Student: 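Got a structure for you, written out below as structure tokens; questions coming shortly.
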Amino acid sequence: VNATCDIQYFRGNGFPTELVYSTAKPDTAWVGSTDGTLYRTTNDGGRWDTVAEPQVFALDRAVEAIAIGPHDPDVVYVGLEGRPTSGPEDSTPLTKPGLIFKTTNGGQSWSHVGGDVKATDGSLLGAYALRIDPGAPDTVFAATEVGVFRTTNGGSSWQPFNEGLPPGLVRDLDFVPERRVLRAGIW
């Protein structure tokens, strides 16, 4: 085993909250921060690019979850923490697009894909963990404060996926591809 240590300083108001490496291209990694800023490297940390996506950054939420496509490192899902803040727009639940985003071009453009990730009262939920099924990359699982949600169409729609789970905050997920098993850490 060879190990190296490299310290990186990220400019900005936040600090790192999530670090994920690509399985398809191990030199590609993404870091999320407490202020919603994203950073990306494609050369194993030799250079980090700031991805200050206004849609993500403007929500003033920490990046809690990042999932990189298992076969295409340009496909990335990002989940922000919590629920949208209170404000006049929150009185109409569908006016906010959700707290899960997706890029298919390495962060050049983003789309909201979390509009269906809602509590039973209709309020939008953030994601504490995201996992992609490597055998079916359009299948993504999101850990939320009310359980697990799943999409099978790349984020176009999400449904609760809680069979056999006790109610509670799902803080982390792990997918075991060899056994086709999703594991959830619940608080």
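Since the model is a prediction, treat every value here as computed from it, not as a measurement. Start at 1 with the first residue, then count along the sequence.
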Student: How are the rings of Phe141 and Phe175 set to each other: parallel, tilted or perpendicular (split at 30° and 60°)?
Tutor: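 It falls in the parallel class, under 30°.
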
Student: Without swapping roles, check the side chain of Thr34 against the backbone of Phe15 for a donor-acceptor pair under 3.5 Å.
Tutor: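 Pair found, side chain donor or acceptor close to backbone of Phe15.
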
Student: So, Thr144 side chain and Leu125 main chain: donor-acceptor pair closer than 3.5 Å or not?
Tutor: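 Not confirmed, Thr144 side chain does not pair with Leu125 backbone.
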
Student: Which pair of heavy atoms, one from Leu173 and one from Ala129, lies closest together, and at what distance?
Tutor: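 Closest approach of Leu173 to Ala129, heavy atoms only: N-CB, 3.7 Å.
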
Student: Salt bridge check, Arg47 against Asp49: does any charged N sit closer than 4.0 Å to a carboxylate O?
Tutor: yes

Student: Could you grab the distance from atom NZ of Lys25 to atom CG of Asn43, nearest 0.5 Å is fine?
Tutor: 12.0 Å

Student: Treating Arg150 as the side-chain partner and Thr139 as the backbone partner, does any N or O pair qualify as donor plus acceptor under 3.5 Å?
Tutor: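 Answer holds: no.
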
Student: I need the minimum non-hydrogen distance between Ser123 and Asp121, along with the two atoms involved.
Tutor: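 For Ser123 and Asp121, the tightest heavy-atom pair comes out as OG-OD1, 2.6 Å.
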
Student: Without swapping roles, check the side chain of Trp158 against the backbone of Val140 for a donor-acceptor pair under 3.5 Å.
Tutor: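 Absent.
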
Student: If I compare all heavy atoms of Pro167 with all of Ile186, which pair ends up nearest, and what's the gap?
Tutor: O-CG2, 4.5 Å

Student: Under a 3.5 Å distance rule, please check whether Thr17 uses its side chain to pair with a backbone N or O of Ala62 as donor and acceptor.
Tutor: no

Student: Under 3.5 Å, side chain of Ser33 to main-chain N/O of Thr37, donor-acceptor pair present?
Tutor: yes

Student: Under 3.5 Å, is there a donor-acceptor pair between the side chain of Lys102 and the main chain of Gly154?
Tutor: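 Yes, the answer is positive, given that a donor and an acceptor are paired below the 3.5 Å cut-off.
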
Student: Between Asp138 and Thr152 (side chain of the first, backbone of the second, donor and acceptor by atom type, cut-off under 3.5 Å), is there such a pair?
Tutor: no

Student: For Pro70 and Ala24, which heavy atoms make the closest approach, and how far apart are they?
Tutor: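 Minimum heavy-atom contact is O-CB, 3.4 Å.
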
Student: Measure the spacing between CG of Leu99 and CD of Glu81 and express it to the nearest 0.5 Å.
Tutor: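 Nearest 0.5 Å value for the CG-CD distance: 9.5 Å.
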
Student: Is a side-chain donor or acceptor of Tyr21 paired with a backbone partner of Asp44 at a separation under 3.5 angstrom?
Tutor: no

Student: Between Trp30 and Leu80, is there a shared hydrophobic cluster once you connect ILVMFWY residues whose side-chain heavy atoms come closer than 4.5 Å?
Tutor: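 Yes, same cluster.
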
Student: Mind listing the closest non-hydrogen atom pair of Ala184 and Leu165 along with its distance?
Tutor: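 Here Ala184 and Leu165 meet closest at CB-CD2, 4.2 Å.
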
Student: Any salt bridge between Asp133 and Arg180, counting N to O under 4.0 Å?
Tutor: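 Yes.
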
Student: Report the residue from Thr104, Thr103, Val20 that forms a side-chain contact (heavy atoms from CB on, under 4.5 Å) with Val76.
Tutor: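 In the set Thr104, Thr103, Val20, the residue that makes a side-chain contact (heavy atoms from CB on, under 4.5 Å) with Val76 is Thr103.
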
Student: Indicate yes or no: does Arg171 engage Glu64 in a salt bridge with an N to O separation below 4.0 Å.
Tutor: yes

Student: Between His71 (side chain only) and Pro137 (backbone N and O only), is there a donor and an acceptor less than 3.5 Å apart?
Tutor: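 Checking the backbone N and O of Pro137 against the side chain of His71, no donor-acceptor pair under 3.5 Å is found.
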
Student: Run the salt-bridge test on Arg131 and Asp172 with the 4.0 Å N-O cut-off and return the result as yes or no.
Tutor: yes

Student: Check whether Phe149 and Val113 end up in the same hydrophobic cluster, where Ile, Leu, Val, Met, Phe, Trp and Tyr are linked by side-chain heavy atoms less than 4.5 Å apart.
Tutor: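 As far as the 4.5 Å side-chain criterion goes, Val113 and Phe149 are connected within one cluster.
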
Student: Which atom pair, heavy atoms only, marks the closest approach of Ile68 to Pro73?
Tutor: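 For Ile68 versus Pro73, the nearest heavy atoms are CG2-CA, 3.7 Å.
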
Student: Less than 4.5 Å apart, any side-chain heavy atom of Val78 and any of Ile100?
Tutor: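 Not touching, per the 4.5 Å side-chain cut-off.
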
